[in-house]
Amino acid sequence: MIIRSDGDRLTIQSPAKINLFLDVLGRREDGFHDLETVICAIDLQDTLEMRVVAGNEITLHLHGNGTGQREPLPEGEDNIIVKALRLLAQSSGVDQGMEVTLTKRIPSAAGLGGASSNAAAVLLGAARLWQRDWSLEQLAGVAAEVGSDVPFFLHGPAAICRGRGEIVQPLQNRLRLHLVLVHPPAGLSTARVFAHCQPGRPVSSAALIEALETGNRRALLDELHNSLQRTAAGLEPWVGRLEELLSGSGCLGFQMSGSGTSFFAICAHRQHARQVAARLRSQQPGQVDYASTLDGKKWLSGWPC
């Protein structure tokens, strides 16, 4: 997250994420699933512009829904951004309003965490603009009520998340991964994928975390894991098609992110990623982007308030 402020206004860059590891452990009594996932933020980003307004009205303007959006994004009170701001205002006793303009670049229903990232961004921005001297831990409590992935984006750019995703332990990522992202024409809702998944024997993330923290890309490639990928393939044919295309793309390794349907392909370097992306675009699998993992030194630039 990069935060730039100017009085009662600010601009935030809100990043997407990929799941290098995701294992579903079982269904909980509250209807959610316990999971263990290793997440990294990447430099595919939405832009949010925020401005304090008089009264307690919260308004959201969407610019074009970005590229790769498969359906209109929720507006008004149904949007996670508005929900996050309402909850923060109630929790902190704020009687001011907020106007938010969102420019989307992160595809929806793609497993890239765009909505959760947007929610975390407005929590950070509103705490600053509403002059609430809240710690990240306090904001994380609100974030966990908003959505399972939202707390990660307060603690990234790399972390292992447990519970339903709200228990976040930051990690030291020593790898700059060059990625090709492929977003097929069809998406999947997170709720639908989790409703159909069948948890199996738990898989350990320890080797992947060691590879990430020691900068061992070859070992990391061997430990990529997403237990939702098979479920998603049974629900959406595009998942299987991308598995086939990516297996012949020349990349070093690939995996579906989150609950899908987007995939990321790991490449040797930027030029290699461009070559892989060009090859994939010629096969027309959907939207193809280049991205890389974010540097922890630049994370939450502009915070605290």
Side-chain angles (χ1 to χ4, degrees), residues 16-27 33 35-40 42 44 66-71 106-116 148-149 165 177-203 205 208 217 220-268 272-291:
K17 59 83 176 169
I18 57 170
N19 300 79
L20 295 173
F21 180 97
L22 196 164
D23 196 41
V24 180
L25 306 177
R27 187 184 295 272
H33 287 76
L35 53 85
E36 182 168 299
T37 181
V38 176
I39 305 177
C40 285
I42 59 176
L44 173 64
T67 56
Q69 304 302 329
R70 303 175 183 88
E71 56 187 35
I106 304 170
S108 59
L112 297 175
S116 296
S148 297
D149 280 347
L177 298 175
H178 296 273
L179 309 165
V180 174
L181 303 176
V182 186
H183 325 298
L188 282 170
S189 75
T190 300
R192 185 183 177 202
V193 176
F194 273 96
H196 286 82
C197 76
Q198 297 294 327
R201 180 179 298 178
V203 177
S205 62
L208 183 135
R217 186 179 62 194
L220 181 136
L221 291 168
D222 291 337
E223 299 298 330
L224 295 174
H225 172 72
N226 186 340
S227 65
L228 292 177
Q229 190 164 320
R230 179 178 295 181
T231 300
L235 297 171
E236 174 48 58
W238 265 107
V239 174
R241 293 176 198 169
L242 290 187
E243 289 174 334
E244 184 176 351
L245 283 175
L246 288 168
S247 66
S249 70
C251 67
L252 303 180
F254 64 89
Q255 182 166 281
M256 187 181 80
S257 184
S259 57
T261 52
S262 289
F263 275 68
F264 61 89
I266 298 176
C267 300
H272 182 212
R274 288 174 175 167
Q275 294 168 354
V276 170
R279 189 174 301 121
L280 289 168
R281 288 190 185 104
S282 71
Q283 297 170 304
Q284 300 182 331
Q287 181 184 339
V288 180
D289 292 313
Y290 166 80

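Counting begins at 1 with the first residue of the sequence.
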Residues Met256 and Ala232: closest non-hydrogen pair is SD-CB, 3.6 Å
Shortest non-hydrogen contact from Cys267 to Leu252? C-CD1, 3.7 Å
Closest non-hydrogen atom pair between His272 and Gly250, with its separation: NE2-O, 3.0 Å
Donor-acceptor contact below 3.5 Å, side chain Lys17 vs main chain Gly111: yes
To the nearest 0.5 Å, what is the distance between CD1 (Ile266) and CD1 (Ile18)? 6.0 Å
Quick one: are Leu181 and Ser262 in side-chain contact, heavy atoms under 4.5 Å? no
Measure the shortest side-chain to side-chain distance between Cys197 and His33 over non-hydrogen atoms and say whether it is less than 4.5 angstrom. yes
Going from CD on Gln275 to OG on Ser249, what distance comes out if it is rounded to the nearest 0.5 angstrom? 11.5 Å
Does any part of the side chain of Arg192, heavy atoms only, come nearer than 4.5 Å to the side chain of Leu235, both counted from C-beta? yes
Using modelled atom types only, decide if a donor and an acceptor are shared between the side chain of Arg217 and the backbone of Ala268 within a distance under 3.5 Å. yes
Residue pair Leu246 / Leu280, side-chain heavy-atom distance below 4.5 Å: yes
For Phe263 and Phe254, take the angle between the two ring planes, folded into 0 to 90°, and tell me which bin it lands in: parallel under 30, tilted 30 to 60, perpendicular over 60. tilted
pair Leu35-Ser227: side-chain heavy atoms closer than 4.5 Å: no
Heavy atoms only: give me the nearest Thr261-Gly187 pair and the separation to one decimal. OG1-CA, 3.7 Å
With distance as the sole criterion, is a donor-acceptor pair present between the side chains of Thr190 and Ser259 under 3.5 Å? yes
Just by distance, do the side chain of Arg281 and the backbone of Val288 share a donor-acceptor pair under 3.5 Å? yes
Minimum heavy-atom distance Ser116-Asp149, with the two atoms named: OG-CB, 3.4 Å
Side chains of His178 and Tyr290 in contact at under 4.5 Å (non-hydrogen atoms): yes
How far does CG of Asn226 sit from OG1 of Thr231, to the nearest 0.5 angstrom? 9.0 Å
Between CG on residue Leu20 and CD1 on residue Ile39, distance to nearest 0.5 Å: 9.5 Å
Donor-acceptor pair, side chain of Gln283 and main chain of Pro285, under 3.5 angstrom: no
To the nearest 0.5 Å, atom CG of Asn19 lies from atom CD of Gln255 at 8.0 Å
Closest approach of Gly286 to Pro185 (non-hydrogen atoms, all atoms of both residues): CA-CD, 4.3 Å
If you round to the nearest 0.5 Å, how far is CG of Leu242 from NE2 of His183? 10.5 Å
Would you mind reporting whether Leu245 and Val182 have side-chain heavy atoms less than 4.5 Å apart? no
Within the 3.5 Å criterion, strictly below it, is a donor on Glu36 or Ser205 matched to an acceptor on the partner's side chain? yes
Between Thr37 (side chain) and Phe21 (backbone), is there a donor-acceptor pair under 3.5 Å? yes
